[in-house]
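Because the structure is a prediction, the values reported are computed rather than measured. Atom set for the values below is all heavy atoms of this structure, side chains included, hydrogens, waters and symmetry mates excluded. For ligands, and for the atoms within them, numbers begin at 1 and follow the listed sequence.
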Amino acid sequence: MSTPKKRILIGLTGASGICYGIRSLELLAGLDNVETHLIVTSAARRTLNLETDRTIEDVQELADVVYPIRDIAAGPASGSFATSGMLVAPCSIRSLSAIANSHSSDLLTRAADVTLKERRPLVLMVRETPLHRGHLRLMDQVVEMGGIIFPPVPAFYTKPTTLESLVSHTSARAIEQLGIDIPEINRWTGPPESNVQI
Ligand SMILES: Cc1cc2nc3c(=O)[nH]c(=O)nc-3n(C[C@H](O)[C@H](O)[C@H](O)COP(=O)(O)O)c2cc1C
């Protein structure tokens, strides 16, 4: 008997860095044991158009299931709809605020609230800078409720030479917070022998 696929919810919001959400979908599409369920806000459609050459159809094709943002009756709106967690990449301050306050007025924020209440992993790739105290408070509220705040802060120990490799590494690390292994991720294994400091 084959093991059932892990259902992962992916949310794309209107913060800068829609490429992180797209790359996350691409990485997950390469895994046999994962099924992706996508929710895109209308502001994310706008940034997709402003920041990339992709169409919404290109992005939706990467997912197994796509839901309209306004469909608050869709599966992910209920805790009885089993998932293995949710990644919002990128996550705007508006959506962060809605999630932190359980203001579940669209499917994305409702699905995130359900993920928290069911004690499933919720990873928010919050993107804004600089941050004022209100932003920090919202992030603190989400962490208190069990969510994971994962800002897209690049790692340089991998010596990235392209923007793509930098985006891939950050996206893979975010996905791993959901307990999903990305085999091709470049991992730190300690300094090269010649560089060991005693
Ligand atoms: C090009 C562009 C870049 C943006 N970057 C950010 C950002 O980095 N962080 C953020 O919180 N909002 C950003 N915004 C504003 C959000 O899109 C806006 O607050 C929107 O209402 C978010 O809605 P959503 O959470 O439903 O996607 C940006 C908007 C545009 C057009």
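Taking the six-membered ring for Trp and the full ring otherwise, Phe156 and His169 have centroids separated by 6.0 Å or more.
Closest protein heavy atom to atom 20 (C) of ligand 1: Ala43 CB, 3.7 Å. Distance from atom 30 (C) of ligand 1 to its nearest protein heavy atom, with residue and atom name: Thr47 CG2, 3.8 Å. In this structure, atom 31 (C) of ligand 1 lies nearest to the protein heavy atom Leu50 CD1, 3.9 Å. Scanning the protein heavy atoms around atom 9 (N) of ligand 1, the nearest turns out to be Arg127 O, 2.7 Å. The closest protein non-hydrogen atom to atom 28 (C) of ligand 1 is Gly14 O, 3.2 Å. The nearest heavy-atom contact from the protein to atom 21 (O) of ligand 1 is Arg94 CD, 3.7 Å. Counting only heavy atoms of the protein, atom 5 (N) of ligand 1 lies nearest to Ser16 N, 3.1 Å.
Every heavy atom of Arg46 sits 4.0 Å or more from the atoms of ligand 1.
A donor-acceptor distance shorter than 3.5 angstrom exists from the side chain of Thr170 to the backbone of Leu166, with no hydrogens or angles considered. Without hydrogens or angle criteria, Lys5 side chain to Thr36 main chain gives no donor-acceptor distance under 3.5 Å. In this structure, Ser165 contributes its side chain and Thr162 its backbone to a donor-acceptor pair below 3.5 Å. Looking at Ser171, its side chain does come within 3.5 Å of a backbone N or O of Val167 through a donor-acceptor pair.
Partners of Glu118 by salt bridge (Lys or Arg N to Asp or Glu O under 4.0 Å), not counting sequence neighbours: none found. Judged as a salt bridge (Lys or Arg N to Asp or Glu O under 4.0 Å), and not counting sequence neighbours, Arg46 has no contacts.
With a heavy-atom cut-off of 4.0 Å, Thr13 touches ligand 1 through backbone and side chain alike. Contacts of Ile93 with ligand 1, taken as heavy-atom pairs under 4.0 Å, involve both backbone and side chain.
Judged by the 6.0 Å and 45° rule, Arg187 forms no cation-pi pair with Tyr157.
In this structure, atom 18 (C) of ligand 1 has no protein heavy-atom contact shorter than 4.0 Å.
Considering OG of Ser84 and CD1 of Ile8, their distance stands at 5.0 Å, rounded to 0.5 Å.
Of all the listed residues (Ser92, Pro90, Ala15), Ser92 holds the heavy atom that lies closest to atom 22 (C) of ligand 1.
Close approach of ligand 1 to Glu128 (heavy-atom distance below 4.0 Å) involves ligand atoms 7 (C), 9 (N), 10 (C), 11 (O). Each of the atoms 24 (P), 26 (O), 27 (O) of ligand 1 lies under 4.0 Å from some heavy atom of Thr41.
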